[in-house]
Amino acid sequence: MENFTPEFQVGDGIGMDLKLSNHVFNVLKQHSISEQRKSARVHDKKEVSTAEKVVDPKTRLLLYKMVNAGILETVNGCVATGKESVVFHADGGRMEDQEVPAECAIKVFKTTLNEFKNRDKYIKDDYRFKDRFSKLNPRKVIRMWAEKEKHNLKRMANAGIPCPEVVLLKKHILVMSFIGKDQIPAPTLKEAKLSLEDFRAAYYQVLNLMKQLYEKCNLIHADLSEYNMLWHDGKVWLIDVSQSVEPMHPHGLKFLYRDCRNVSQFFQKCGVSETPNERALFNLVSGLDIASDNQADFMAEIEALEKTNEDHVQNHRKKISMYQKDEDGPPPIFDD
């Protein structure tokens with residue numbers, strides 16, 4: 001019994017001439033083992049998981065190191081929280097090889113696995129990451145989400161699309177420029193109180209951004225809505241691009257159609273009469289010419305196009321340009 005876990009209380013039994021039957025001894029031993037495992041599970045959940053608006057000790061240590069290195073001056077409060085990440089505001093410091101913005105946003109991807117279990121479709125079929133994707137290492141997959149957002153943001157910045165500027169990536173922590181002022185984040189299009197003329201201007205900006213994203217960056221946002229677009233300095237800014245995929249993705253065109261539906265419905269509710277329906281918007285952004293009049297036939301053509309999509313994919317592979325060649329990004333794949 002002395003070999004049982006330290007938390008197991010044996011009282012004065014060590015000094016006694018205590019004799020236990022094999023059955024009693026085995027029951028006590030099994031109880032000790034189960035208690036030890038339970039304690040380890042609770043400790044692991046408490047120490048390793050990033051909960052709502054709370055950082056775990058490992059994340060806190062990484063943030064301390066950034067402050068000690070002078071990259072950040074101070075880390076302030078939480079400015080946004082979502083299913084997969086928590087965003088903090090920080091005052092920028094300095095780095096030798098690049099300029100650090102005065103105000104930074106720290107996006108901490110949650111290390112709880114629940115929100116990522118059903119989202120592997122966005123990364124396992126992305127050729128830039130699919131060879132490294134592994135369901136056997138789920139915590140490393142979460143780091144890949146942060147890395148994917150970094151590469152997508154860099155590609156967008158190279159194309160001149162308004163988006164946060166990447167400062168630093170460290171494991172599951174992405175440091176970016178802060179879109180807002182004096183620790184107050186810019187409102188989303190959902191929250192912004194705009195006039196009809198501003199909403200009309202925002203619509204044409206969003207249409208142009210979707211085209212640029214598709215044509216210049218070879219990307220589809222895949223989660224575009226009024227909640228992932230900010231209104232700042234009279235411009236629309238795109239955020240949250242960790243799930244963004246390329247048009248050659250097996251579900252890329254479905255994701256684009258969903259984006260178009262979200263954008264179309266939002267601006268129609270805002271009273272922008274020029275807003276086309278989702279099918280017309282899809283054709284505008286993609287350059288395709290699907291002429292079906294109803295949603296069911298339109299989706300059937302999209303699914304057929306995704307299955308026998310060789311021409312469309314080949315055209316986009318040839319479009320891989322300077323925007324895809326990040327300094328430290330995954331190497332592009334070219335045709336033979």
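Values below: every heavy atom of this structure, side chains too, minus hydrogens, waters and symmetry copies.
- D91 and T74 share a side-chain donor-acceptor pair at under 3.5 Å.
- Closest non-hydrogen pair, V285 versus M210, comes out as CG1-O, 3.7 Å.
- Separating the SG atom in C270 from the CD atom in Q265 is a distance of 12.0 Å, to the nearest 0.5 Å.
- Using modelled atom types, one finds no donor on one side chain facing an acceptor on the other under 3.5 Å when comparing Q268 with T275.
- By the 30° and 60° cut-offs, the orientation of the rings of H249 relative to F255 is tilted.
- Placement of Y204 and Y214 within a single hydrophobic cluster is found when ILVMFWY residues are connected by side-chain heavy-atom separations under 4.5 Å, directly or transitively.
- Taking each heavy atom of C104 and P101 in turn, the nearest pair found is SG-O, 3.6 Å.
- A distance of 6.0 Å separates CG in L207 from CG in L281, rounded to the nearest 0.5 Å.
- Without hydrogens or angle criteria, D182 side chain to I184 main chain gives no donor-acceptor distance under 3.5 Å.
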Verdict with reasoning, I106 to V75, per side-chain contact (heavy atoms from CB on, under 4.5 Å): CA-CA 9 Å; I106 305 172; V75 177; 4.0 Å; yes
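- Atom CE of residue M156 and atom SG of residue C163 lie 4.5 Å apart, to the nearest 0.5 angstrom.
- Side-chain atoms of D259 and N262 include no donor-acceptor pair closer than 3.5 Å.
- A side-chain donor-acceptor contact under 3.5 Å links W237 to the backbone of H232.
- Side-chain N or O atoms of H221 include one that pairs as donor or acceptor with a backbone N or O of L224 at under 3.5 Å.
- Remark: N208 pairs with Q212 by the side-chain contact (heavy atoms from CB on, under 4.5 Å) rule, at least two apart or across chains.
- With hydrogens and angles ignored, the 3.5 Å screen pairs no side-chain donor or acceptor of K148 with any backbone N or O of V241.
- Judged purely by atom type and a 3.5 angstrom limit, S286 uses its side chain to pair as donor or acceptor with the backbone of L288.
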Steps toward side-chain contact (heavy atoms from CB on, under 4.5 Å) verdict (L253, F282): CA-CA 9 Å; L253 296 181; F282 178 92; 4.2 Å; yes
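- Partner of T59 under the side-chain hydrogen bond (donor to acceptor under 3.5 Å, both in side chains) criterion, out of H172, K110, K171, K170: H172 alone.
- M229 is listed as a side-chain neighbour of V206, based on a closest heavy-atom distance under 4.5 Å.
- Between K107 and D240 there is a side-chain heavy-atom pair separated by less than 4.5 Å.
- Here the shortest heavy-atom pairing between C78 and V86 reads SG-CG1, 3.6 Å.
- Salt bridge absent: R258 and D223 never bring a charged side-chain N and a carboxylate O closer than 4.0 Å.
- Around CG of N22, the count of heavy atoms belonging to other residues, nucleotides or ligands within 6.0 Å does not exceed 12.
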Pair W231-L194, side-chain contact (heavy atoms from CB on, under 4.5 Å): steps then yes or no: CA-CA 9 Å; W231 181 258; L194 303 181; 3.4 Å; yes
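- In this structure the side chain of V167 reaches within 4.5 angstrom of the side chain of M95, judged on heavy atoms.
- For Y227, the OH atom is loosely surrounded, since the number of other residues' heavy atoms within 6.0 Å does not exceed 12.
- Residue S242 comes nearest to E149 through the heavy atom pair CB-OE1, 3.3 Å, listed as atom of the first residue, atom of the second, then distance.
- Smallest separation of non-hydrogen atoms from A202 and L189: CB-CD2, 4.5 Å.
- In this structure, I290 and R279 have side chains that are not in contact, with every pair of non-hydrogen atoms separated by 4.5 Å or more.
- Expressed to the nearest 0.5 Å, how far NZ of K269 lies from CZ of F199 amounts to 12.0 Å.
- A salt bridge is absent between K150 and E147; no separation between the charged side-chain nitrogens and carboxylate oxygens falls under 4.0 Å.
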CA sep, side-chain torsions, deciding dist, call: F267, R200, side-chain contact (heavy atoms from CB on, under 4.5 Å): CA-CA 8 Å; F267 284 106; R200 183 174 286 110; over 6 Å; no
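- More than 12 heavy atoms of other shown residues, nucleotides or ligands fall within 6.0 angstrom of atom CD in Q98.
- Under a 3.5 Å cut-off, the side chain of N228 and the backbone N or O of I239 do not form any donor-acceptor pair.
- Counting heavy atoms from C-beta outward, E303 and F298 have side chains that stay 4.5 Å or more apart.
- As a member of the Ile/Leu/Val/Met/Phe/Trp/Tyr network built from side-chain separations under 4.5 Å, V87 groups with V79, F178.
- Here the side chains of I302 and M299 are in contact, with some heavy-atom distance below 4.5 Å.
- Nearest heavy-atom pair, P247 versus I220, reported as atom, atom and distance to 0.1 Å: CA-CD1, 3.8 Å.
- With contacts defined as side-chain heavy-atom distances shorter than 4.5 Å, the pair P162/V236 does not qualify.
- Taking CG of N152 as the reference point, atom CG of L219 lies at 5.0 Å (rounded to 0.5 Å).
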Verdict with supporting geometry, F266 and Y203, ring pair (Phe, Tyr, Trp, His ring centres under 6.0 Å): CA-CA 10 Å; F266 172 72; Y203 161 70; over 10 Å; no
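- Between the S85 side chain and the F109 main chain, no donor and acceptor come within less than 3.5 Å of each other.
- The backbone N or O of K235 lies less than 3.5 Å from no partner atom in the side chain of D233, so there is not a single donor-acceptor pair.
- One distance of note links CG of L213 with CD1 of I161; it measures 4.5 Å at 0.5 Å rounding.
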